[in-house]
S.K.: 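Sharing a structure here in structure tokens format.
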Number of protein chains: 2
Amino acid sequence: MASTNHIPTREKVKLTAQKLFREKGYAAVGMRELAAAAGMRAPSVYNHYRSKDHILQEICFDIAGQFFKALDEALAKEQKSSRQLRAAIRAHIDVIAANLDSAEVFFHEWIFLEQPALGKFKKMRQEYARRFREILERGIRKKEIRKVNTRLATFAIFSALNATYEFMRSDEKFSREQMADELADMLIKGLKNKD
Amino acid sequence: MASTNHIPTREKVKLTAQKLFREKGYAAVGMRELAAAAGMRAPSVYNHYRSKDHILQEICFDIAGQFFKALDEALAKEQKSSRQLRAAIRAHIDVIAANLDSAEVFFHEWIFLEQPALGKFKKMRQEYARRFREILERGIRKKEIRKVNTRLATFAIFSALNATYEFMRSDEKFSREQMADELADMLIKGLKNKD
DNA sequence: TTCCTTTGCTAACGAGTGTTAGTTTATGGC
DNA sequence: GCCATAAACTAACACTCGTTAGCAAAGGAA
């Protein structure tokens, strides 16, 4: 039975889960709470999802797919490394902005995934990071980017980017484009004044 | 009864909690599991801590105090803004490095604090961020730092710094000093090559 | 050694957990 | 309208949760 908002019930469960998991943490949200927030009783959720873990899996892997897709598309448009870096940053932020709740779940709650999905997810995270690192390494080889520890830099870039959800929640006066540009500037040009 | 390692039992409970809360998340670690890992039964923990929440409080507020202390000491030694920023970054990383487990609990698990501790903690976070932002704003006024959105920059800096625990766990070949310097360089000078 | 306090234990409480099984209701197709 | 299926429900299972109460053991001081 589709809900009254024309959102399919399964989708509603997922959206509700994203929100609650993000607000309270996966482990602290029970199926009864989730079901009630979605407008049903807990056992009904099992008509749509096999288990609580499967909800988490779908949330995490869906948005992971979006990050990869956005990155691929962004990289396909640019050749120069610092431009690629900027485009990658932009792509990453766009995905976060379009999926605030699930992005937060993706960043924080994946540790609760059960095997074998957990192992698969870890590999995906590593692969995505590797692609960012490649951009940096290419840029270093071409002398476009300073010689840095690319592993450390990748960690720093990701965490800076991944915290943008907090900023997005607190200040809506920024367009995505502006924020992406400012962040990219900060990371690429640094904070020090050149005057 | 002090444990056989000459670590007071209460301290052992705390260290164990830090580790488990960080590994599995506060909500997913039960008192029975925590007690067993500390070498006792769950009800015995209540001889040392009033509640599970009080353990979390002590973890969070203790390290918060360390962050503030380290920051104050670092700022007292420097006057120039970009040097202050570097010192602040260094101080922050030092605290993380010395308290890997509790730092992670501090970053991720504070949302589980119960009121009124939660409200108090949020204020502390904001105050700490405000101090960083002040460094940036002072530097901008003195033209030492580029004109940036200081709120966004503070978010980015913090998250970049706060993710260093992940890097510290994965690669021990770096000294703290080196890592602090490289991160500070990345944030202050940026990634782009000036050659 | 004795006594008191602290700290460990066992047993249990009242509450919550994810999920299954079976029944009832709603929906969609003919 | 009828029928089959999907999706909602209730009841309940087996388990876990944080914690209290009371007893036992250990440690420290006199």
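Just so we're on the same page: letters track the sequence lines, and every chain starts at 1.
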S.K.: Taking atom P of C:dT20 as reference, at what distance in whole Å does atom CG of A:N47 sit?
M.R.: 12 Å
S.K.: Ignoring backbone atoms, test whether A:T9 places a side-chain nitrogen or oxygen under 4.0 Å from the OP1 or OP2 oxygen of D:dA8.
M.R.: yes
S.K.: Measure CZ/B:F112 against C1'/D:dC17 and give the value in whole Å, please.
M.R.: 15 Å
S.K.: Output the single nucleotide from C:dG8, D:dA8, C:dT17 whose closest atom is nearest the side chain of A:S44.
M.R.: D:dA8
S.K.: Would you indicate what B:V29 reaches in the nucleic acid, counting non-hydrogen atoms under 4.0 angstrom: base, sugar-phosphate, or nothing?
M.R.: sugar-phosphate
S.K.: Taking it one step at a time, do A:R169 and A:E104 satisfy side chain to side chain contact (heavy atoms under 4.5 Å, CB included)?
M.R.: CA-CA 12 Å; A:R169 289 196 197 282; A:E104 275 190 67; 2.7 Å; yes
S.K.: Give the nucleotide from the list C:dT19, C:dG8, D:dT20 with an atom nearest to the side chain of B:P43.
M.R.: D:dT20
S.K.: C:dT17 C1' sits how many Å from A:L56 CG, rounded?
M.R.: 17 Å
S.K.: I'd like to know if the side chain of B:R146 and the backbone of A:G190 have a donor-acceptor N/O pair within less than 3.5 Å.
M.R.: yes
S.K.: Roughly how many Å is it from NE2 in A:H48 to C1' in D:dA7, rounded to a whole number?
M.R.: 6 Å
S.K.: How many whole angstroms separate atom CE of A:M40 from atom P of C:dT19?
M.R.: 15 Å
S.K.: Taking atom NZ as the centre, does A:K142 end up with more than 12 heavy-atom neighbours from other residues, nucleotides or ligands that are less than 6.0 angstrom away?
M.R.: yes
S.K.: Checking contacts here: which listed nucleotide (D:dC9, C:dT19, C:dC9) is nearest the side-chain heavy atoms of B:R41?
M.R.: C:dC9
S.K.: How many Å lie between CE on A:M31 and C1' on C:dT20, as a whole number?
M.R.: 13 Å
S.K.: Classify the side chain of A:R32 versus the base of C:dG18 as yes if they form a donor-acceptor pair under 3.5 Å and no if they do not.
M.R.: yes
S.K.: Just wondering, more than 12 heavy atoms not from A:R133 lying within 6.0 Å of its CZ?
M.R.: yes
S.K.: Do you know which two heavy atoms are closest between A:A117 and A:F61, and how far apart they sit?
M.R.: O-CZ, 3.5 Å
S.K.: Check the distance between D:dC13's C1' and A:Y46's OH and give it to me in whole angstrom.
M.R.: 13 Å
S.K.: To the nearest angstrom, how far is B:E114 atom CD from D:dC17 atom C1'?
M.R.: 14 Å
